[in-house]
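The next block holds one structure in the form of structure tokens; read it before the comments.
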Amino acid sequence: MKNKKILIAVSGSIAAYKSASLIRLLVIAGAEVKVLMTESAKEFISPLTLSTLSKNKVYSDLIDEDSWSNHVELGLWADAMIVAPATANTIARMANGLCENIVTAVYLSARCPVYIAPAMDLDMWEHPSTQENIKKLLSCGNQIIDPEVGELASGLHGKGRMAEPENIMAFLSEAFDKKKDLTGKKVLITAGPTHERIDPVRYIGNRSSGKMGMALAEECARRGAEVVLILGPSSLDTNTANIAIERVVTAEEMYASAQKHHHSSTLCIFSAAVADYKPQNPASRKIKKSEEAFQISLQRTPDIANELGTLKSEEQTHIGFALETEHEEENALSKLNRKNFDMIVLNSLNDEGAGFGHDTNKVRIYGTKHDVIDIKLKPKSELAGDIINTFVEFYVKS
Ligand code: C5P
């Protein structure tokens with residue numbers, strides 16, 4: 001954070017008191033801070049407090065005592081702009097390019113990364129308009145520092161509290177320190193289960209949550225990649241910029257989507273638990289139960305990794321996953337070879353806390369260019385870092 005030039009933009013929310021601590025923490029960390037405020041922010045915290053803490057003049061008008069506050073210059077000056085707190089109103093204005101105040105005018109002029117820390121009541125946060133605006137802001141490359149769950153000024157309890165200043169600092173440090181070693185790379189990730197229709201209400205599926213694939217997508221995007229995440233049925237979502245999620249249901253849909261993006265992706269990660277079989281003749285109406293035993297004929301679904309493995313070029317790296325209950329090493333190595341993977345990540349269902357649904361995982365990585373790597377039980381988000389580090393160390397030509 002040392003010597004970084006940071007713009008803090010404060011909009012009118014009760015959470016504005018937290019921006020005082022945030023500014024203080026940034027200044028202590030060695031950053032140079034300038035503050036922008038909307039008119040209504042002044043109702044919640046005084047410009048004098050923020051100018052004293054930032055040791056700089058506070059900007060709140062586009063016209064400042066007969067002279068023009070140069071929003072373009074401010075936008076170009078900053079290494080990062082942090083909108084904290086960002087109200088639903090300011091978020092809507094930013095998302096729609098309105099620039100009638102200093103905060104939104106500087107935002108439109110800024111070339112630096114922009115971080116947005118929303119603060120609002122839970123229903124305002126969940127409202128489809130706000131969520132639509134957040135998506136728009138993400139699609140422009142901004143980063144959202146998710147609001148936290150807790151007591152809200154309204155007396156309600158839920159998601160909407162602006163992230164605590166310490167957590168914003170941690171987010172920023174990670175963003176500044178993060179290696180951008182995947183910049184310019186396109187990454188394709190399959191994740192989650194697939195559902196294969198038996199009748200309109202039943203399907204064949206599995207217990208995959210998609211969490212490992214999502215963690216990998218977020219890791220790659222934070223390291224500068226453009227990610228396409230092809231996600232089977234899952235309620236997971238992300239606020240990380242540069243991840244395009246394509247939602248699919250069946251193995252065939254996942255394959256069609258993956259085929260579309262394969263040729264332009266330098267790294268392909270097959271973390272989906274694709275159903276291997278689908279009902280041969282799905283019923284168009286709900287199947288009624290009877291006392292008789294009932295059989296469904298199944299047919300194979302496409303093996304996405306296998307099919308795309310035959311198309312892999314010299315410039316491409318394929319990473320696969322294996323979830324085994326027996327003969328783990330033997331099965332993983334045979335898949336590495338058969339599916340033309342460069343690396344395969346083995347998780348065992350015999351390990352406590354590993355595999356489906358958990359937030360943690362414990363794996364062993366086999367590869368064509370390195371010795372076996374054992375990774376102890378840890379959060380999937382950290383494990384994603386280890387997997388990508390292995391890819392960068394052994395498979396990216398420098
Ligand atoms: O053969 P198995 O399903 O165990 O292989 C696991 C690996 O193959 C995973 O990387 C998985 O995403 C991929 N796979 C696939 N399409 C399938 C089955 C598996 O891409 N139909």
Side-chain angles (χ1 to χ4, degrees), residues 187-197 203-217 220 227-234 236 245-263 265 267-280 298-312 316-351 354-357 361 363-368 380 383-384 387-388 390-391 395:
V187 177
L188 165 67
I189 300 177
T190 67
T194 65
H195 288 178
E196 311 299 331
R197 182 186 158 118
Y203 58 81
I204 293 175
N206 58 65
R207 290 167 45 219
S208 166
S209 61
K211 286 181 183 169
M212 192 64 240
M214 182 60 86
L216 283 159
C220 292
V227 180
V228 174
L229 175 65
I230 304 172
L231 185 59
S234 158
L236 292 182
I245 301 186
E246 290 194 8
R247 293 185 187 270
V248 295
V249 177
T250 64
E252 248 147 48
E253 286 170 14
M254 188 174 273
Y255 181 39
S257 217
Q259 275 178 310
K260 239 182 7 201
H261 298 285
H262 178 253
H263 67 281
S265 305
L267 171 62
C268 302
I269 306 178
F270 300 93
S271 63
V274 186
D276 292 320
Y277 295 92
K278 65 172 189 176
Q280 204 153 18
L298 300 175
Q299 71 183 67
R300 280 297 314 263
T301 53
D303 189 320
I304 303 165
N306 211 17
E307 297 295 334
L308 296 180
T310 62
L311 304 176
K312 190 177 75 174
Q316 291 178 306
T317 303
H318 283 194
I319 303 178
F321 275 75
L323 180 77
E324 304 294 337
T325 51
E326 55 190 351
H327 308 303
E328 295 162 341
E329 177 164 277
E330 195 185 321
N331 286 337
L333 287 173
S334 123
K335 274 172 208 173
L336 178 73
N337 186 30
R338 187 159 29 94
K339 302 200 185 200
N340 200 14
F341 289 140
D342 300 277
M343 280 163 67
I344 191 158
V345 182
L346 167 69
N347 21 179
S348 164
L349 268 189
N350 300 326
D351 288 323
F356 283 155
N361 209 356
V363 304
R364 177 169 262 211
I365 306 177
Y366 297 91
T368 51
K380 286 182 173 169
L383 175 60
I387 294 171
I388 299 305
T390 309
F391 160 69
Y395 298 88

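A quick note: this is a predicted structure, and the numbers were derived from the prediction, not measured. Start at 1 and go down the list; that is how both ligands and their atoms are numbered.
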Query raised in the report: Is Asn331 close to Leu346 at the side-chain level, that is, under 4.5 Å between some pair of heavy atoms?
Result: no
Query - Gap between atom OG of Ser209 and atom CG of Leu236 - 0.5 Å precision - result: 6.0 Å
Report task. Would you mind reporting whether Thr368 and Tyr395 have side-chain heavy atoms less than 4.5 Å apart? Result -> yes
Query raised in the report: Could you state the interatomic distance from OG (Ser271) to CE (Met214), rounded to the nearest 0.5 Å?
Result: 10.5 Å
Query raised in the report: How long is the gap from CG on Leu231 to CD1 on Ile189, to the nearest 0.5 Å?
Result: 10.5 Å
Report summary line: side chain to side chain contact (heavy atoms under 4.5 Å, CB included) with Lys278: of Glu252, His195, Arg197, Arg300, only one passes, and it is Glu252
Report summary line: If we number the atoms of ligand 1 from 1 as shown, the ones under 4.0 Å from a heavy atom of Asp276 are 18 (C)
Report summary line: In this structure, atom 7 (C) of ligand 1 is nearest to the protein heavy atom Phe321 O, 3.1 Å
Query - Any N or O of Lys339 closer than 3.5 Å to N or O of ligand 1 - result: yes
**Report entry** Enumerated ligand 1 atoms positioned under 4.0 Å from heavy atoms of Gly320
**Finding:** 10 (O)
Query raised in the report: Would you say Phe341 touches ligand 1, if touching means a heavy atom closer than 4.0 Å?
Result: yes
Query raised in the report: Does Pro302 reach ligand 1, in the sense of a heavy atom lying below 4.0 Å from it?
Result: yes
Report summary line: Under 4.0 Å between heavy atoms, the region of Asn331 that gets near ligand 1 turns out to be neither
Query raised in the report: Is the closest N or O pair between Ala322 and ligand 1 shorter than 3.5 Å?
Result: no
Query raised in the report: Closest non-hydrogen protein atom to atom 16 (N) of ligand 1, residue and atom name please, with distance?
Result: Ile304 N, 3.0 Å
**Report entry** Polar atom proximity, Ala305 to ligand 1 (N or O, under 3.5 Å)
**Finding:** yes
Query raised in the report: Atom CD1 in Ile230, atom CG in Leu188: separation rounded to 0.5 Å?
Result: 4.5 Å
Report summary line: NE2 of His318 to CG of Asn306, rounded to nearest 0.5 Å, is 11.0 Å
Query raised in the report: Got more than 12 heavy atoms from elsewhere within 6.0 Å of OH, Tyr366?
Result: yes
Query raised in the report: Should you measure from each heavy atom of Ala272, which atoms of ligand 1 turn up under 4.0 Å away?
Result: 11 (C), 12 (O)
Query raised in the report: Nearest heavy-atom pair of Cys268 and His262: which atoms, and what distance?
Result: SG-CD2, 3.6 Å
Query raised in the report: Any N or O of Lys335 that comes nearer than 3.5 Å to an N or O of ligand 1?
Result: yes
Report summary line: atom 17 (C) of ligand 1 has as its nearest protein heavy atom Val274 CB, 3.4 Å
Query - Distance-only N or O hit between ligand 1 and Ala275, under 3.5 Å - result: no
Report task. May I ask you to identify the nearest protein heavy atom to atom 10 (O) of ligand 1, giving residue, atom name and distance to one decimal place in Å? Result -> Phe270 O, 2.6 Å
